[in-house]
Amino acid sequence: MGLKIFNTLTGRKEDFVPLQEGKVGMYVCGVTVYDLSHIGHARCYVAFDVVYRYLRGSGRSVRYVRNFTDVDDKIINRAAQTGDAPVDLATRNIEAFHRDMDSLGCLHPDVEPRVTDHIPEIIALVERIIGNGHAYAAPDGSVYFSIDSFPQYGQLSKRNLDDMVAGASERVDEDPNKRNPLDFVLWKPAKPGEPWWESPWGRGRPGWHIECSAMSARHLGETFDIHGGGKDLVFPHHENEIAQSRAASGKEFVRYWLHNGFVNVDQEKMSKSLGNFFTIRDVLALYHPEAIRMFLLSTHYRSPINYSARNLDEATGRIEYMIETVGKVEAALADGGPEGGEAAADVARVRGAIGEAMDDDFNTAAALGHLFELCRAANDWVARKRKTPGRIETLSAIRKVLAEAAGIFGILERPPATVLSEIRDRDVARLGLDVVDIERVIAERWAARQAKDFARADALRTELSARNIDLMDSPQGSTWRVRRQAQE
RNA sequence: GGCGCCAUAGCCAAGUGGUAAGGCAGAGGACUGCAAAUCCUUCAUCCCCCGGUUCGAAUCCGGGUGGCGCCUCCA
């Protein structure tokens, strides 16, 4: 069976058939850079990072475009507050966004266009839409898209125009410049002090929706395969993109629309306007990037996911287990053993199961479940006697599958010891533990243990345990980790 | 008011017609000086409620209840 993708446009899972076999054009709406990004953005871009990784990993050639909205009301307003030039504010936040994405292990898109670099394309597109009779210039220098000229309007969001007009009349003031209250702006005139570009309609700047139509056409063509973004973009943003792009080109715009669910806090959408958001860097200070990815990928991308300390702790435990497993498999293979057997059949089975899960609308939750089974088996095989027939072959097959999965999920790619220590650093920071003192006690206990003073050693273990420290004794000495307990 | 989504064990979470993946927590066991880690076993006769379709439904249909989202900027 091949890849199936849930398409918002049809409301169904469909076989994924790209325009050109083996090639995929993919556009994901990026951020408006007026502020730092929050964990809700992280969810979106991690989800599509995995889509990108999976498509590439399965041998397709992918062109991934993700834009920056760097001119917009919010940027202008924020810049006015802070006294920055809008362009400086935008540039600063783009840099911050890049750092956040890098921290989260997201691959770079192939193109990251900025709106301000595409003004000529945008103007040309608006002119074309006007030329086709789907937009009109208003006396004040605005250009509006004419909803009434586009009968398919509402197709993506499954809205009925009449209902919307009725609903809108209650909350939207009649705008004398608009022919229909639902008409949306393609080009808006600049107010004094605002950034502007010369255009056939006077000095102004692009409306919000037109940029994505212009940039996707420029970098992917007028018709392309995948367009993604958060569920909140379905209406009006993506609905308007469809109207603009089709009004201009007359062609199909996007074949598959993908939308990710929200990150909730206390069962409520995380958003700037509600003020209940956590920035990516705030979260990164508390939890390891791989733990965050594990958290985000443990739920299907279309479902809501709840941000909570408990869930992040659980995800941390899950990733820690996997990382430790990778470390043990590598150590066992480095240690070697008699060869000549056959790898256990279960490894291939799990590999297939992961592929099937991913082919089913990128079901990372199910895929990770299978990966857990593999880790269980891995630990079992590591612990078996060296001469067990097929041990080396099985472990080596497991390592291969783990590496493959690592490439898809963007986890388990770095040296296990390094990552484990980074995880512990965050645990220590979160609980405010005194590492120097902890290690002092551990050394003291080790000495007592060497002297066979087990009563003393146990007392010290108990003391450390009360501070959430778990000790792991080995012939070489004791290592330690912070015990995470489920809160609430 | 219009449109849409969701409801699976203490918790997180897959599963969209064939008889409940996976994880956390819990219980028992192996291992350990004691632990931790690891492994094994166990943990939903049942999937919000009521009807219906079917040989068979968590999965389809109708109704209800509860939660969420979009309709204004929003990943």
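Each chain gets a letter, A, B and so on, in the order the sequences are listed, and its residues count up from 1. Fair warning: this is a prediction, and the values are worked out from it, not measured in the lab.
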Heavy atoms under 4.0 Å, any strand shown: does [X] hit a base, just sugar-phosphate, or nothing?
X       : answer
S273(A) : base
F372(A) : sugar-phosphate
A383(A) : nothing
K328(A) : sugar-phosphate
L471(A) : base
H38(A)  : base
S298(A) : sugar-phosphate
V263(A) : base
F262(A) : base
R456(A) : nothing
G154(A) : nothing
G40(A)  : base

Selected nucleotide, minimal atom distance to [X] side chain, candidates [options]:
X       : options                : value
E268(A) : C73(B), A21(B), G69(B) : G69(B)
K74(A)  : C71(B), G23(B), C73(B) : C73(B)
D470(A) : A36(B), A75(B), A14(B) : A36(B)

Using whole Å, what does the distance between atom [atom2] of nucleotide [N] and atom [atom1] of [X] come to?
X       : N      : atom1 : atom2 : result
L233(A) : C71(B) : CG    : P     : 10 Å
L297(A) : A13(B) : CG    : C1'   : 13 Å
Y45(A)  : C74(B) : OH    : C1'   : 10 Å
I398(A) : U38(B) : CD1   : P     : 16 Å
R302(A) : A7(B)  : CZ    : C1'   : 16 Å
N264(A) : G69(B) : CG    : P     : 7 Å

G-U wobble or Watson-Crick pairing nucleotide for [N] (cut-off 3.5 Å, both distances):
N      : value
U19(B) : none
G33(B) : none
G1(B)  : C71(B)
G26(B) : U42(B)
G62(B) : C50(B)

* Partner of R205(A) by side-chain contact (heavy atoms from CB on, under 4.5 Å), out of I122(A), I76(A), V115(A), T116(A) -> I76(A)
* Donor-acceptor contact present, side-chain N260(A) to main-chain R302(A), <3.5 Å ->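 Absent.
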Whole-Å [atom1] distance, [N] and [M]:
N      : M      : atom1 : answer
U32(B) : A44(B) : P     : 32 Å
G17(B) : C61(B) : C1'   : 13 Å
A13(B) : C24(B) : C1'   : 11 Å
U59(B) : C3(B)  : P     : 24 Å
C31(B) : A35(B) : C1'   : 11 Å
A30(B) : G23(B) : C1'   : 22 Å
G10(B) : U16(B) : C1'   : 27 Å
U8(B)  : C40(B) : C1'   : 27 Å

Taking N and O atoms by type only, does the side chain of [X] place a donor or acceptor under 3.5 Å from a partner on the base of [N]?
X       : N      : answer
R461(A) : C34(B) : yes
R449(A) : G33(B) : yes
D458(A) : G33(B) : yes
N311(A) : C11(B) : no
E314(A) : G23(B) : yes

Do [X] and [Y] get their side chains close enough for a donor-acceptor pair, meaning under 3.5 Å?
X       : Y       : value
D361(A) : H300(A) : yes
E239(A) : S157(A) : yes
H237(A) : D232(A) : no

Between atom [atom1] of [X] and atom [atom2] of [Y], what is the distance when rounded to the nearest 0.5 Å?
X       : Y       : atom1 : atom2 : result
L55(A)  : I5(A)   : CG    : CD1   : 6.5 Å
R430(A) : N468(A) : CZ    : CG    : 10.5 Å
Y256(A) : F6(A)   : OH    : CZ    : 13.5 Å
N177(A) : D183(A) : CG    : CG    : 11.0 Å

Within the pair [X] and [N], is there a side-chain N or O less than 4.0 Å away from OP1 or OP2?
X       : N      : result
Y307(A) : A75(B) : no
R376(A) : G23(B) : yes
W208(A) : C74(B) : yes
N363(A) : G15(B) : yes
K269(A) : C70(B) : yes
N260(A) : A75(B) : no

* How do R159(A) and G230(A) order along RNA chain B: which one's closest nucleotide is nearer the 5' end? ->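 With R159(A) and G230(A) compared, the 5'-side residue is R159(A).
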* **Pairwise 5' ranking along RNA chain B for L274(A) and S303(A), keeping only the more 5' one** =>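 In this pair, the answer is S303(A).
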